[in-house]
K.L.:
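Have a look at this one before I ask anything.
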Amino acid sequence: MSLDDLYREVILDHYRSPRNKRKMDDPTVVVELKNPVCGDEITLYLKLSGGVVEALSFEGKGCSISQASASMMTQAVRGKSLQEALELVERFKRMVRGELPASEADLGDLEALQGVAKFPVRVKCATLSWEALRRGLESDEGRVSGEVE
Amino acid sequence: MNVAEIRKDFPILGREVRGKRLVYLDNAATSQKPRCVIDAIREYYETYNANVHRAIHYLGEYATAAYEEVRAKVARFINAPSERTIVWVKNTSEAINLVAYAWGRKFVGEGDEIVTSVMEHHSNLVPWQQLAKARGARLRFFRMTPDGKLDLSDLDQLFNERTKLVAITHASNVLGTINPVAEIARKAHEVGAVVLVDGAQSAPHLPVDVQALDCDFFAFSAHKMCGPMGVGVLYGKEELLEAMDPFLFGGEMIGSVSLEESTWNEIPWKFEAGTPNVADVIGFGAAIDYLQSIGMEAIQAHERELVAYAMDALEELDGMVIYGPRDERAGLIAFNYREIHPHDLSTILDQEGVAIRAGHHCAEPLARWLDVPATARASFYIYNTREDVDALVRALLRAKEFFSHVPR
Ligand SMILES: Cc1ncc(COP(=O)(O)O)c(C=O)c1O
């Protein structure tokens, strides 16, 4: 286990210049999620339309892993159907928890985050944005806020 | 004080972490345990394990005597007037909760005021929030100076005839601030308020004399001072403990019981329902002996010297932000470095065998007051050395290198 397993170049790149990190003017769902243990916060903006995740963006504070994970998520999920997006959430979570080998997870660029599985205390950093997405996709309301344990 | 010899007393310090020498700088969370403490617990289970107070047999009497002897030892350790003022609990948090229920619910009423501060650990804040809600009381807060001390200039307005309780930490687990508790207690007593001191970060590190402080309650945890987890102490003035109702009901805490009614045991046993954590109390006794064999003055001097060395070394690094006062401070330093998130710092330091803590350290309002989502914290104890500080600095430089291509 080495630091390079965790901090892959592509992760540092997303940390350095996060994609889709901005407020959205016309979201259909906004999710605010906080990890009270470490203080990481995310606000995720979703535009859902016709059963498809048309657009995503986020704002937030957190470590390199949480920020990179959110940034990569916004790219990976765009254009997916709600069902596909939920499946992606599941696969991603299982990969970073070490329950699903990256080779079987079929997650593209996101596989760069597989190293998180070797750093159990950092799993929550990686999954915060994904949990926000799950809650947003499953919510019937325009605004969701909460905390992860 | 011979730190090299002290280090040999701690088996865990001999181990490696990730192939590196363990540099343990998370002492504010919990300290490591010397062999004598571990041995005392083992000896108890191997040679005189029995339930206390109730047995009329050799082991029971022996265990009871040993257990009660530690109570007397704790009383001497904080210069309490009598062992009747020492209540066993499981940690600082429970001690404070005990006061919030058994004293607070009885003596705090509608419109009364509870004064506390933004630098409190959640343990010394949340119980008072709950009490205030339950009783219609109001929480008020000390003002702070910009460098993270209490601003005592407006005490004459802050403390008034409605002030029922002042709950304040002796030493901050983030800022390192050491609060002038004796002065606060004197002022609080002028308006008839009761003073509770959270001693979780002071009792392990400096000499404590509860009579000189003149506080009414003092709470601390064994596990932060070389003792085992699962034992804490509530000191309370006799007349207050006498006036309080029990917190938990059941065995041991009763005087006599009929089907309809019961009377309570004397203090301190009135507050100690059920079988206590005898083994760990015994272990705590060994920890106090151990600390006293070194001397609390010597421990304080060692940490002062080390923290000054660490402050100088950390301040050399550019992009370093240190929180809390520059002058007199407890043996810990919270910081942020080059805007590298404390989690990332902690992970990288961990690879170098350096254990620090990252987060809000159970003091979320304080993080908000500092206007940071999180801080990194290095905290020292008797076995830490300048080499440990040097290892911390080296590991920070490694983190800098690692994130150097991340312009922030
Ligand atoms: C200032 C302060 N108060 C209270 C506590 C709570 O101690 P415990 O977890 O042993 O109850 C701590 C420990 O983290 C602390 O640093």
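Below, read A as the first sequence line, B as the second, and so on, with proteins coming before strands; counting in each chain starts at 1. When reading the values below, keep in mind they use all heavy atoms of this one structure, side chains included, and skip hydrogens, waters and symmetry mates.
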K.L.:
Given Ile65(A) and Thr347(B), is the side-chain contact (heavy atoms from CB on, under 4.5 Å) satisfied, shown in steps?
P.N.:
CA-CA 11 Å; Ile65(A) 301 301; Thr347(B) 293; over 6 Å; no
K.L.:
How many angstroms lie between SG in Cys63(A) and CD1 in Ile340(B), if you round to the nearest 0.5 Å?
P.N.:
12.5 Å
K.L.:
Quick check: are there more than 12 heavy atoms from other residues, nucleotides or ligands sitting under 6.0 Å from OH of Tyr101(B)?
P.N.:
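No, because the 6.0 Å sphere around OH of Tyr101(B) holds 12 heavy atoms or fewer from other groups.
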K.L.:
Of all residues at least two apart in sequence or in a different chain, which pass the salt bridge (charged side-chain N to carboxylate O under 4.0 Å, His left out) check with Asp350(B)?
P.N.:
Arg18(B)
K.L.:
So with a 6.0 Å cut-off around CZ of Arg135(A), is the heavy-atom count from everything else above 12?
P.N.:
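More than 12 heavy atoms, drawn from other residues, nucleotides or ligands, come within 6.0 Å of this atom.
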K.L.:
Just by distance, do the side chain of Asp344(B) and the backbone of Ser64(A) share a donor-acceptor pair under 3.5 Å?
P.N.:
yes
K.L.:
More than 12 foreign heavy atoms under 6.0 Å from CZ of Arg78(A): is that the case here?
P.N.:
no
K.L.:
Restricting to non-hydrogen atoms, name the atom on Phe119(A) and the atom on Gln351(B) that form the minimum distance, rounded to 0.1 Å.
P.N.:
CE2-NE2, 3.3 Å
K.L.:
So do the side chains of Arg16(A) and Phe403(B) get within less than 4.5 Å of each other, counting heavy atoms only?
P.N.:
no
K.L.:
Quick check on the structure: residues of residues 363-380 of chain B within a heavy-atom distance below 4.5 Å of chain A, by number.
P.N.:
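Under the 4.5 Å heavy-atom cut-off, Glu364(B), Arg368(B), Pro373(B), Ala374(B) qualify.
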K.L.:
By the side-chain hydrogen bond (donor to acceptor under 3.5 Å, both in side chains) test, which pairs, at least two apart or in different chains, include something from residues 44-62 of chain A?
P.N.:
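side-chain hydrogen bond (donor to acceptor under 3.5 Å, both in side chains) check on residues 44-62 of chain A returns Asp26(A)-Lys47(A), Tyr45(A)-Glu59(A), Ser49(A)-Glu54(A).
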K.L.:
So, taking the atom named CZ in Phe402(B) and the one named CG in Leu6(A), what distance separates them when rounded to the nearest 0.5 Å?
P.N.:
7.5 Å
K.L.:
Is Asp40(A) in contact with chain B via its backbone, its side chain, both, or neither, using a 4.5 Å heavy-atom distance?
P.N.:
side chain
K.L.:
List in chain and number order the residues that pass ring pair (Phe, Tyr, Trp, His ring centres under 6.0 Å) with His343(B), two or more places apart in sequence or in another chain; answer none if no residue qualifies.
P.N.:
His341(B)
K.L.:
Is atom NZ of Lys20(B) surrounded by more than 12 heavy atoms (other residues, nucleotides or ligands) closer than 6.0 Å?
P.N.:
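More than 12 heavy atoms, drawn from other residues, nucleotides or ligands, come within 6.0 Å of this atom.
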